[in-house]
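Taking it in order: structure first as structure tokens, then the write-up.
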Amino acid sequence: MTKAILKPGKEKRVYTFHPWIFRSDIDRIEGICKPGDIVDIVSSKGRFLARGFYNPNSQIALRIMTYSEEPVDREFIFRRVHEAVEYRRTFADLESCRLIFAESDRLPALIVDAFGDILVLQCLALGMERFKQDIVDALVSEINPRGIWERNDVPVRQLEGLEMCTGLLYGEVPDRVEMTENGVHFLVDVKEGQKTGFFLDQKENRAAIAPFVRGKNVLDCFTHTGSFALHAGKFGAKKVIGVDISEYACSFAAENAKLNGLENRVNFVTANAFDLLAEESRAGNKYDVIILDPPAFTKTRSTVDSAIRGYKEINLRAMKMIESGGYLITCSCSQHVLPEIFKAMVMDAAHDAHVLLRQVEFRTQGKDHPILPYARETEYLKCGIYQVFKGN
């Protein structure tokens, strides 16, 4: 087995069970290997530490697969896929969940989402790409889906030396798939929609809004295809307005509203949420509940400050528009905006909006997106539910 010898002192990341080793941590490679091959990861003193796949073209040069001296082969992949699915069988609807969450399931850089009887696969690293057919075979054996679709149209693949591509991996996949989440029906565009077609990580958070929206007027900003808005309607909101900058997303959301018989209470507006919040605020319009679920405002640490300014702007405007005693449900999926930073931003916005907040819950992603305590990168979603008070 080819060996990747780490520089002295760089073993600490492995000892603390972080699944990544950076290119700058490697002293040398002993033996012959191609990018994507499995190698032994060895300390500067020659001690075996772990086994993972190596890609010298990536900043994350080593991704750990196992801490044992065991073969990483087809049987290994089948076992890991089974373990990932078996974990979700304990609590999840396997037709509406993330089946494999990359490093958290000890299958680095691999994402598999289930929508109805269709699976969508995303593979973001060269080493894992080598096992793609084994992964497909394991999923077919474990789940027996109608079809598996590849959504490898992600620019990060190019950093791994991989092409961006989409296509059929198994069976048959329609353009739109119907899925049920928390009793709400959704059409999912698995072939052209964002990421894998639908954001499953908010499933438990969407269920959590039920007590706060019943009989209320709700504004859902950055609604995408209507997930929070339709949950609010399903949970008995009096009126819901969903806002998204994408006309396609709003049209899709309207179809989902009709699918649930909610078209009379849930409506969608194509607009820039920043602009709409400003206009609504100036007009003095009020809501009982405002939901903010924007896309990531930053992908890097270097732009966290500007992201925080964006989050503060929308949260401040929303707080001013919420009736006293109403609720703000505010989210961030920016990995580099840590929970404590996000909470501080919310408090700062409340100070400037001259409101008092009561934190009801502070949540993260669903259990089908498990968090590795050794890797903060796996804990990326923040969802705060706050009650807003004005005056004394």
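Residue I209 holds its CD1 atom at 8.0 Å from CD1 of I385, rounded to the nearest 0.5 Å.
The only member of T2, I26, I21 that meets side chain to side chain contact (heavy atoms under 4.5 Å, CB included) when paired with Y54 is I26. With R98 as the partner, the salt bridge (Lys or Arg N to Asp or Glu O under 4.0 Å) test is satisfied by one option alone out of D368, D93, D113: D113.
Aromatic ring pairs are classed by plane angle as parallel below 30°, tilted from 30° to 60° and perpendicular above 60°; the pair F17 and Y67 is perpendicular. Taking the six-membered ring for Trp and thresholds of 30 and 60 degrees, F274 and F222 have ring planes more than 60 degrees apart, a perpendicular arrangement. Note on ring orientation: taking the six-membered ring where Trp is involved, the planes of F22 and W20 are perpendicular (angle over 60°, cut-offs 30° and 60°). Ring-plane geometry between F342 and F362 is classed as tilted, the angle between the planes lying from 30 to 60 degrees on a 0 to 90 degree scale. Ring-plane geometry between F198 and F186 is classed as tilted, the angle between the planes lying from 30 to 60 degrees on a 0 to 90 degree scale.
At a threshold of 4.0 Å, the pair E86-R89 counts as salt-bridged, since one of the basic side-chain nitrogens sits closer than that to a carboxylate oxygen. Between R146 and D117, at least one side-chain nitrogen of the basic residue sits less than 4.0 Å from a carboxylate oxygen of the acidic one, meeting the salt-bridge criterion.
Relative to the six-membered ring of F228, R206 meets both conditions, a distance below 6.0 Å and an angle of at most 45° to the axis.
When every heavy atom of I5 is checked against every heavy atom of S44, the shortest pair comes out as CG2-CA, 4.2 Å. Looking at every heavy atom in both residues, K367 comes nearest to P370 through O-CD, 3.5 Å. A pairwise comparison of heavy atoms in T298 and S334 identifies N-OG, 3.6 Å as the closest pair.
Applying the 6.0 Å contact sphere to CD of E247 captures no more than 12 heavy atoms from other residues, nucleotides or ligands. Dense packing is recorded around CD of E70, with more than 12 heavy atoms of other residues, nucleotides or ligands lying under 6.0 Å away.
Residues I329 and L292 have side chains not in contact (no heavy-atom distance under 4.5 Å, counting atoms from C-beta outward).
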TODO: Carefully, step by step, assess H231 and F235 under the rule ring pair (Phe, Tyr, Trp, His ring centres under 6.0 Å).
DONE: CA-CA 6 Å; H231 275 77; F235 295 149; 5.7 Å; yes
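Side chains of T330 and Y386: a donor-acceptor N/O pair is absent below 3.5 angstrom, by distance only.
Transitive grouping of hydrophobic side chains (ILVMFWY, heavy atoms separated by less than 4.5 Å) keeps V360 and F389 in distinct clusters.
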